[in-house]
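Just so you know, residue 1 is the first one in the sequence shown, and it goes up from there.
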Amino acid sequence: MDNWDEIRTAFQVARMGTVSGAAEVLGVHHATVIRHIDALEQRLGAKLFQRHARGYTPTEAGEDLLRVAQSADDQFSQLSGRIKGRGSDVAGDLVVTSLVSLAGYMAPMLARFQKMHPAVVVRYVTGERLFRLEYGEAHVAVRAGAAPEQPDNVVQPLVQLQMAAYASTSYVEAHGVPGGSEDYTKHRFVGPENRESRAPCYVWMRDNVPDASVTFRCTDAGAVESAILAGAGIGFMPVTEAQKHPDLVEVHAARDVWSSPLWLVTHVDLHRTFKVQALLSFIKDEVKEEGW
């Protein structure tokens with residue numbers, strides 16, 4: 001690109017959602033912002049934003065460009081901090097992604113991190129889709145399962161998330177607990193909607209619990225937890241999460257075969273930025289302190 005100022009302007013418009021907001025952040029007149037956006041769209045031959053009464057929304061082409069701009073902005077900020085001697089600055093957008101099932105842990109943790117660094121704007125995105133760090137879709141990813149193998153990623157082990165089987169007190173009062181696998185046909189289980197789930201505990205469930213006994217199926221871990229607490233049946237929950245609910249009865253204690261490894265993943269280009277390093281250290285300390 002010939003003009004970084006135009007790309008930076010587009011990045012701020014996407015971030016703030018309005019021309020006036022971007023102008024305030026950049027310290028320029030709103031007419032300058034509009035001129036930069038128009039010039040960039042003309043140069044690229046594509047619309048980067050949909051204009052509407054409430055502001056500007058990035059198009060698909062705009063999203064592609066802005067992911068690259070986010071990465072470049074982070075690296076320029078890191079360079080600027082080194083040059084100016086502000087090596088400890090932790091500020092700006094910080095995009096973190098994880099599975100929905102980890103939101104109960106990650107959201108409070110990120111809130112505590114933000115209290116320590118109020119200049120940080122947290123963007124926490126969840127979903128089953130693999131967010132691409134090489135395209136700047138996130139700064140830090142917390143992933144489960146086999147170690148990620150995408151090129152140019154820095155992968156660090158975080159913890160083995162221990163899983164156990166639980167049921168509510170109301171379920172146990174009505175149905176008791178299975179004495180062994182031979183009793184599973186007499187019980188009701190809460191399981192995943194995706195019958196091909198690769199989560200170790202659900203692989204075990206497929207191999208040991210009759211399909212007909214899995215009478216309540218959910219698309220995410222939050223729904224599984226709610227169903228178990230409501231008495232729908234026996235299901236798996238992380239041990240640390242289950243300990244928050246005194247009304248739960250442990251049906252099967254945690255087993256190594258059910259545990260799920262968690263990984264911290266960053267892209268090599270942003271791994272050493274101040275805010276990424278600060279967050280990585282914070283997450284590791286929190287996990288150790290909370291005894292995941």
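Hydrophobic clustering (ILVMFWY, side-chain heavy atoms < 4.5 Å, transitive): Val172 and Val224 are in one cluster. With hydrophobic clusters built from ILVMFWY side chains whose heavy atoms lie under 4.5 angstrom apart, Phe11 shares a cluster with Val28. Grouping the Ile, Leu, Val, Met, Phe, Trp and Tyr side chains by contacts below 4.5 angstrom, directly or via other members, places Val203 apart from Val257. Ile37 and Met16 are members of different hydrophobic clusters when ILVMFWY side chains are connected at heavy-atom separations under 4.5 Å. Cluster annotation: Val154 is not connected to Leu94 through the hydrophobic network of ILVMFWY side chains, with a link wherever side-chain heavy atoms come within less than 4.5 Å.
The two atoms that bring Ala167 and Ile234 nearest to each other are CB-CG1, 4.0 Å, heavy atoms only. The two residues Ala164 and Glu250 come nearest to each other via the heavy atoms CB-OE2, 4.4 Å. Nearest heavy atoms, Ser213 versus Val209: CB-CG1, 4.0 Å. When all heavy atoms of Ala144 and Leu99 are compared, the pair lying nearest together is CB-CD1, 3.9 Å. Closest non-hydrogen pair, Val90 versus Ala119, comes out as O-CB, 4.0 Å. Of all the heavy atoms in Gln114 and Val122, the pair that sits closest is NE2-N, 3.6 Å.
Under a 4.0 Å N-O distance rule, the pair Asp183/Lys186 qualifies as a salt bridge. Electrostatic pairing of Glu63 and Arg132 does not count as a salt bridge here, judged by no charged N lying under 4.0 Å from a carboxylate O. The existence of a salt bridge linking Asp285 and Arg112 is excluded, since no basic side-chain nitrogen approaches an acidic carboxylate oxygen closer than 4.0 Å. Between Asp211 and Arg206 there is no salt bridge, since no side-chain N of the basic residue sits under 4.0 Å from a carboxylate O of the acidic one. Note on Glu193 versus Arg217: no salt bridge recorded, every NZ/NE/NH1/NH2 to OD/OE distance being 4.0 Å or above. The existence of a salt bridge linking Glu6 and Arg43 is confirmed by a sub-4.0 Å separation between a basic side-chain nitrogen and an acidic carboxylate oxygen.
Screening Leu110, Leu264, Val265 against Val140 for a side chain to side chain contact (heavy atoms under 4.5 Å, CB included) leaves a single residue, Leu264. Checking Tyr184, Tyr202, Phe216 one by one against Phe189, the ring pair (Phe, Tyr, Trp, His ring centres under 6.0 Å) holds for a single residue, Tyr184. Across Ile283, Val96, Val142, a single residue satisfies side chain to side chain contact (heavy atoms under 4.5 Å, CB included) together with Met109, and that is Ile283.
Figure legend: cation-pi geometry between Lys244 and Tyr105, with NZ or CZ positioned under 6.0 Å from the six-membered ring centre and within 45° of its axis.
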Practice item. Please test Gln12 against Val19 for side chain to side chain contact (heavy atoms under 4.5 Å, CB included), starting from the C-alpha separation and ending with a verdict. Key: CA-CA 9 Å; Gln12 291 299 339; Val19 167; over 6 Å; no

Exercise for review: Start with the C-alpha gap between Val125 and Val95, add the side-chain angles, then the distance that decides, and say whether side chain to side chain contact (heavy atoms under 4.5 Å, CB included) holds.
Suggested key: CA-CA 7 Å; Val125 291; Val95 188; 4.3 Å; yes

Exercise for review: List the steps and the verdict of side chain to side chain contact (heavy atoms under 4.5 Å, CB included) for Tyr56 and Gln50.
Suggested key: CA-CA 6 Å; Tyr56 280 41; Gln50 294 288 346; over 6 Å; no

Check your understanding: Passes side chain to side chain donor-acceptor pair (under 3.5 Å), Asp247 versus Ser168? Steps please.
Key -> CA-CA 6 Å; Asp247 195 42; Ser168 69; 5.3 Å; no

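Atoms CG and NE2, from Asp269 and His139 in turn, are 11.5 Å apart once rounded to the nearest 0.5 Å. The CG atom of Asp5 sits 11.0 Å away from atom CG of Leu40, with the distance rounded to the nearest 0.5 Å. Once rounded to the nearest 0.5 Å, the distance linking CD of Gln150 with CG of Leu133 reads 8.0 Å. The structure places CE of Met163 at 8.5 Å from CE of Met237, a figure rounded to the nearest 0.5 Å. Note: Leu102 CG to Leu262 CG = 5.5 Å, rounded to the nearest 0.5 Å. Taken to the nearest 0.5 Å, the OG atom of Ser259 stands 5.0 Å off from the CD atom of Gln162.
Counting heavy atoms of neighbouring residues, nucleotides and ligands inside a 6.0 Å radius, atom CG of Asp256 does not exceed 12 of them. In Glu182, the CD atom is crowded: over 12 heavy atoms of neighbouring residues, nucleotides or ligands sit closer than 6.0 Å. Crowding of Arg54 atom CZ: a count of heavy atoms from other residues, nucleotides or ligands under 6.0 Å not exceeding 12. No more than 12 heavy atoms of other residues, nucleotides or ligands sit less than 6.0 Å from atom CZ of Arg198. More than 12 heavy atoms of other shown residues, nucleotides or ligands fall within 6.0 angstrom of atom CD in Gln156.
For the residue pair Glu24 / His30, no side-chain donor-acceptor distance below 3.5 Å is found, with atom types taken as modelled. Between the side chains of His52 and Thr57, a donor-acceptor pair is found at a separation under 3.5 Å. Neither side chain, Tyr124 nor Thr97, offers a donor N or O lying under 3.5 Å from an acceptor on the other.
Annotation: Tyr166 is not in aromatic contact with Phe236 [ring centroid separation under 6.0 Å not met].
Proximity of Leu48 to Pro58: side-chain heavy atoms (C-beta onward) are nowhere separated by under 4.5 Å. Residues Arg15 and Val121 form a side-chain contact, since some pair of their non-hydrogen atoms from C-beta on lies under 4.5 Å apart. Between Phe49 and Val13, some side-chain heavy-atom pair lies under the 4.5 Å cut-off. Two residues are said to be in side-chain contact when any heavy atoms from C-beta on lie closer than 4.5 Å; Leu280 and Thr266 meet this criterion. Contact check for Pro148 versus Val155: side-chain heavy atoms found under the 4.5 Å cut-off. Looking at Leu158 and Pro261, their side chains never come closer than 4.5 Å, going by heavy atoms from C-beta outward.
Of the possible donor and acceptor atoms, none in the side chain of Ser197 sits under 3.5 Å from a partner among the backbone N and O of Asn194. Side chain of Trp263 to backbone of Gly145: a donor-acceptor contact under 3.5 angstrom is found. The backbone N or O of Gly176 lies less than 3.5 Å from no partner atom in the side chain of Tyr171, so there is not a single donor-acceptor pair. Judged by distance alone, with hydrogens and angles left aside, the side-chain atoms of Lys275 form a donor-acceptor pair with the main-chain N or O of Asp93 at under 3.5 Å.
In this structure, His117 and Phe113 have tilted ring planes: the angle between them lies in the 30° to 60° band. Between Trp204 and His252, the ring-plane angle classifies as perpendicular under the 30° and 60° cut-offs.
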